[in-house]
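A quick write-up on the structure given underneath.
This one's a predicted model, so the numbers in the text were calculated from it and none came from an experiment. Only this structure's heavy atoms are used, side chains among them; waters, hydrogens and symmetry mates stay out.
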Amino acid sequence: MEKIKTLRGFKDIFGEEIEKFKDIEYAARKYLILLGYREIELPILEKTELFVRSIGDTTDIVEKEMFTFTDLGGDSLTLRPEATAGMVRHYLQEGLYAKERLAKLFSVGPMFRHERPQKGRFREFHQIDVEVFGVEEALADAELISMIFLMLCDLGVKNYAIEVNSVGCRQCRGPFRDVLVEYFKKENDRLCEDCVRRLERNPLRIFDCKNTQCIDVAARSPLLYDHLCDNCRNHFDDFLRYMKEYGIAVTINKRLVRGLDYYTGTVFEVTSEDLGAQKAFIAGGRYNNLVEEMGGPATPGIGFAIGMERLAMLADMRSISGQLICFFAYVGEKAKNYLIPILKAFTAKGMTIRYSYEDKSLRAQMRYADNVNADYVFILGDEEINKGIIILRNMKNKTQHELPLDLKSILEEFKKYI
Ligand SMILES: [Zn+2]
Ligand SMILES: [Zn+2]
């Protein structure tokens with residue numbers, strides 16, 4: 001019979017990658033909790049309409065990339081392609097705007113997009129999503145960047161840039177749209193079919209086009225950054241000033257636009273050349289109209305998502321679980337009587353311990369100890385029991401020591417040799 005495998009673009013996460021995932025989550029939670037963010041878990045499946053309304057129906061995600069299906073009850077459902085929409089739904093459904101207005105939330109879990117699988121890109125991928133609702137001030141924008149900076153320090157990520165831009169508000173976008181449409185109309189015959197259509201519906205999407213001619217036309221277009229209204233200009237200047245106070249370097253990238261419709265004001269991406277062409281591994285921005293557009297009261301918001309698969313490729317592993325691995329090798333009935341007491345003593349003290357479940361020769365057990373990368377092996381047989389000792393073998397430098405066979409002090413004695 002043919003063996004069943006994972007779906008295309010889906011994969012199991014195990015070994016070193018899951019160790020890194022746990023370390024990334026650990027580093028993120030540490031700073032999120034210090035700064036008062038609360039964790040929340042949202043459903044993976046939501047009504048399709050939630051994403052169409054929040055992400056925008058002319059975006060690539062909604063047009064081409066969602067896992068959407070009709071369920072047995074006839075409803076259109078979608079596996080979440082990103083987390084912000086669900087966060088906004090939660091904020092409105094729980095009436096958080098009435099209770100506290102300010103809500104600082106984060107969530108960890110899988111997202112789904114039906115993209116063409118490529119290096120470091122999967123159809124199921126994992127994000128840590130962070131959102132702040134109810135704060136207009138640029139202090140919130142700066143706080144998010146400062147947390148990202150601290151997390152990346154903890155994870156040993158060095159070669160990266162924090163790219164920032166402002167994509168403006170309704171006030172500055174209206175007039176700028178006219179400037180842009182005028183420019184693209186002049187270049188109309190050089191744009192691809194998709195972009196000619198985008199020009200009518202949503203000219204900003206032209207910047208996402210992968211067509212080389214369109215990229216070239218877009219690269220020479222006027223920039224919103226140079227046409228910001230006073231409010232947006234002041235907000236962005238405040239943000240840059242706060243980043244200076246934090247002592248964190250950011251790079252202004254006037255061409256940075258995010259592939260979602262809901263962004264307003266500050267947007268940012270953390271990028272690394274080590275990732276190749278698709279170099280962003282953290283991305284986010286402000287969405288001051290989204291809550292209102294989703295049927296709530298006018299509420300500013302800002303957030304970001306960490307792509308865990310991509311960050312895992314950059315994280316330098318001094319694994320948090322990087323403890324010494326101990327192995328207990330026992331030979332004979334009498335020695336086996338020590339097995340469970342030793343397991344209890346080691347785990348109670350938070351020490352790792354490995355052992356063989358079956359009675360095996362000492363040679364076979366030593367081979368097994370090698371396979372699990374044991375740093376130290378405790379060896380016990382009849383001869384050692386008669387002498388009242390246990391042998392401690394250092395697997396790295398091959399030295400051996402005799403420790404007294406006394407469960408109460410064995411770990412104390414062991415520490416003298418690490
Ligand atoms: Zn503005
Ligand atoms: Zn195009």
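- Residues His90 and Leu96 are in side-chain contact: their nearest non-hydrogen atoms beyond the backbone lie under 4.5 Å apart.
- The cationic atom of Lys104 (NZ for Lys, CZ for Arg) does not lie both less than 6.0 Å from the six-membered ring centre of Phe133 and within 45° of the ring axis.
- Salt-bridge annotation for Glu273 and Lys279: present, with a side-chain N of the basic residue lying under 4.0 Å from a carboxylate O of the acidic one.
- At least one side-chain heavy atom of Arg286 sits under 4.5 Å from a side-chain heavy atom of Pro300.
- For Arg205 and Asp194, the salt-bridge test fails: no basic side-chain N is under 4.0 Å from an acidic carboxylate O.
- You'll find the side chain of Asp141 stays beyond 4.5 Å of the side chain of Glu136, heavy atoms only.
- Ionic pairing of Lys20 and Glu309 is not present here: no N-O contact between side-chain nitrogen and carboxylate oxygen is shorter than 4.0 angstrom.
- Stacking of Lys254 on the aromatic ring of Tyr225 is not recorded, the 6.0 Å distance cut-off and the 45° axial limit not both being met.
- Ionic pairing of Glu25 and Lys22 is present here: one or more N-O contacts between side-chain nitrogen and carboxylate oxygen are shorter than 4.0 angstrom.
- Taking a 6.0 Å sphere around NZ of Lys398, one finds it holds more than 12 heavy atoms contributed by other residues, nucleotides or ligands.
- Listed by chain and residue number, nothing satisfies the side chain to side chain donor-acceptor pair (under 3.5 Å) test with Glu94 (two or more places apart in sequence, or in another chain).
- A donor-acceptor contact shorter than 3.5 Å links the side chain of Asp375 to the backbone of Ile325.
- The pair Glu115-Arg123 does not count as a salt bridge, with every side-chain nitrogen at least 4.0 angstrom from each carboxylate oxygen.
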